[in-house]
There are 2 protein chains.
Amino acid sequence: MSRALKDHPDINTDTKKAVNELASKLKYQPNAVALSLKNSRSNTIGIMIPEIVHYFFSSVISGIEDVASQKGYTVIICQSNEKFAREVSNAKTLLSHRVDGILISISKETNSFDHFVNLQEGGIPLVFFDRIAPGISADLVITDDIDASYNATRHLIETGCKRIAHFAGPQGLVISRDRLQGYLNALTEAGLPIDKRLIIEADTFEKARNTVGHMLDAGNVPDGIFAVNDMTAIGAMQTIQKRGYKIPDQISIVGFSDGYLSGITDPHLSSVDQHGYEMGTTAAEMLFHRILSDEDEYVPEVKVLRADLIVRGSSEKE
Amino acid sequence: MSRALKDHPDINTDTKKAVNELASKLKYQPNAVALSLKNSRSNTIGIMIPEIVHYFFSSVISGIEDVASQKGYTVIICQSNEKFAREVSNAKTLLSHRVDGILISISKETNSFDHFVNLQEGGIPLVFFDRIAPGISADLVITDDIDASYNATRHLIETGCKRIAHFAGPQGLVISRDRLQGYLNALTEAGLPIDKRLIIEADTFEKARNTVGHMLDAGNVPDGIFAVNDMTAIGAMQTIQKRGYKIPDQISIVGFSDGYLSGITDPHLSSVDQHGYEMGTTAAEMLFHRILSDEDEYVPEVKVLRADLIVRGSSEKE
DNA sequence: CTGAAAGCGCTAACAG
DNA sequence: CTGTTAGCGCTTTCAG
């Protein structure tokens, strides 16, 4: 009987003891599945992310997991691999598993959001983090990308760069647009011209290598690069060094967010530290607030986390 | 009625159509929880790993996930954060969630294995990968660590190294012992002396930095280092370079397994490529073989995957 | 061909 | 204080 195990006050001590002994003798393990069905609460939350194989996302997951396991929740992780179709099918999976809430960072391909609305109509609270879905009314945890990018670009300007390139992410993502915006703001403020040949959509290691190659071939040589993520920055760095340019003397480089990679390059990469773990715990706390509270009115909350520019060798001229 | 949706042959076409229309109008989503309870199969598998924040493990997960989602299975991921207690509690969680099978790589702390036996007694098939549990009778997917380490060390010997250090992992793990063994085999074969001062347990970036520092301070200077993983190799590399030694001219370095980091260092890091994604798909296939077959006799299988030494700048002298 | 009922494991509510 | 029952959503079996 469940009351004995649950240490209910109305139960005789002897009975409790007897039941508990029997339970441990039979190695009784409560069946979480039956419990979920009974309670229509699964004590499980879902995570939808593009790819686990990125330091940023895996550190966010660590943050989420720590909060979840501390609250007795299990975590189901679904990767979209940056594919829209996979994201839709993941949403269906999580819905049918009746997760109690979902933390989401959308894929690069995603520009339709019905699958998220379905989830919400199914009564599942959603918290978007980092790569949010524009137009969906839900809790958000974001980095102050405009401000961080502004600071990164301003730092390049202050160290003497005049022709600063931006390697941008796909403009479907809010974070990509914001990072571009911060870059533009800094240029405008400093009275520097905005040159379209210096703004290129390139957000992977490989794309950066190619892009830089083409730029140098065309004589379109920047003296600074602000890249949308660290792998892109590192790709650029490699090609630049291979072509014989000196970093940071001839070209300065600043990346964004990918964590521990920055300490490995030579010179070390200046980058914006995005505090992935903290974003994970924050997002998870917000989700559990929704799950566990029973407020009727739904007012979406937005948490903006600071991201800090860390200046290292790749942009440090003396 | 489920028969209509399942396209059962004994059902009138008109009825089927009517039911399907109604289902889509009401946005009917099958409840996977109820289904699990009914079938006592959850269509869910579990993964137990130390930490997701490692390229190797996250690429293994990608492999597992791709196989699982293709078979219509959901994946629950549990991290131990290298803590034994957390691993035990994760095992309990997965058991109570009645997962249909579990893929496991044990924590550094783990040296008792009852929690895995419990799982097996609960009728859950287990497949261990990479960091296996010695003494447990279960399917295994492992890297040929002895052979790979032998090759890595032999390569150092062939390029002229005579005082080769090994930065080893915790000797509780089979993989750590095997990697040490491969190193010893190569030394012995080449008639090189085995010097205990050159074999040091250091398996993180930080530990490697300190260790190398102490070695150099003590005048205990190697001319080659074989490290148990890439982060360790990179930590060593940084300190060595900071102290003014040239890589590979004075000291050669070879790492192990961490994937894309090797292309980022200067010089690029020679390393053993461990094919994480492939290990994931292999392990998942083995697990599904157990889950879906109904053979009575249980004969554990062992799959040994090759790992290939990739020679790059950090050990390439001309 | 189709409706009804039983039961997966659990707990809250209700009797005793 | 403790035993019994209903029902979470599904499918399989058995009647109709």
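A, B, ... follow the sequence lines: proteins, then strands. Residue 1 opens every chain.
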- Task: Quick one: which residue pairs count as a side chain to side chain donor-acceptor pair (under 3.5 Å) with a foot in residues 35-50 of chain B, not counting sequence neighbours?
- Result: B:S42-B:D100
- Note on the structure: So the side chain to side chain donor-acceptor pair (under 3.5 Å) pairs with at least one residue in residues 117-143 of chain A (sequence neighbours excluded) are A:E82-A:R131, A:N118-B:K27, A:E121-B:K27, A:D130-A:Q274, A:D139-A:R290, A:T143-A:Q274
- Query: Atom OH of B:Y28 and atom C1' of D:dT11: how far apart are they, to the nearest Å?
  - Reply: 10 Å
- Using five pairs at either end of the helix from C:dC1-D:dG16 to C:dG16-D:dC1, determine the angle between the two local helix axes and round it to 10 degrees. 60°
- note: B:K38, atom NZ; C:dA5, atom P; distance rounded to Å ~ 15 Å
- Take the protein atom CG of A:N39 and the nucleotide atom C1' of D:dG7, then report the distance between them rounded to whole Å. 12 Å
- Could you give the CG-to-P distance, from B:N43 to C:dC8, as a whole number of Å? 20 Å
- Note on the structure: Sequence neighbours excluded, the answer for ring-ring contact (aromatic ring centres under 6.0 Å, His included) partners of B:F57 is none
- Message: Please give me every residue in residues 30-37 of chain A whose heavy atoms get under 4.0 Å of an atom in DNA chain C, ordered by residue number.
- Response: A:P30, A:N31, A:A34
- Under the ring-ring contact (aromatic ring centres under 6.0 Å, His included) test, which residues partner B:Y277, sequence neighbours left out? none
- Note on the structure: Rounded to whole Å, NE2 of B:H97 lies from P of C:dG9 at a distance of 17 Å
- Message: Strictly by salt bridge (charged side-chain N to carboxylate O under 4.0 Å, His left out), give each pair with a member in residues 55-64 of chain B just once, sequence neighbours left out.
- Response: none
- Donor-acceptor side-chain pairing of A:E87 and A:T110 below 3.5 angstrom: yes
- Note on the structure: Residues passing the ring-ring contact (aromatic ring centres under 6.0 Å, His included) test with B:F84, sequence neighbours excluded, are B:H115
- Item | Distance in angstrom units between A:R98 CZ and C:dC10 P, rounded | 21 Å
- Message: Run the side chain to side chain donor-acceptor pair (under 3.5 Å) test against A:D145 and tell me which residues pass, sequence neighbours left out.
- Response: A:R179
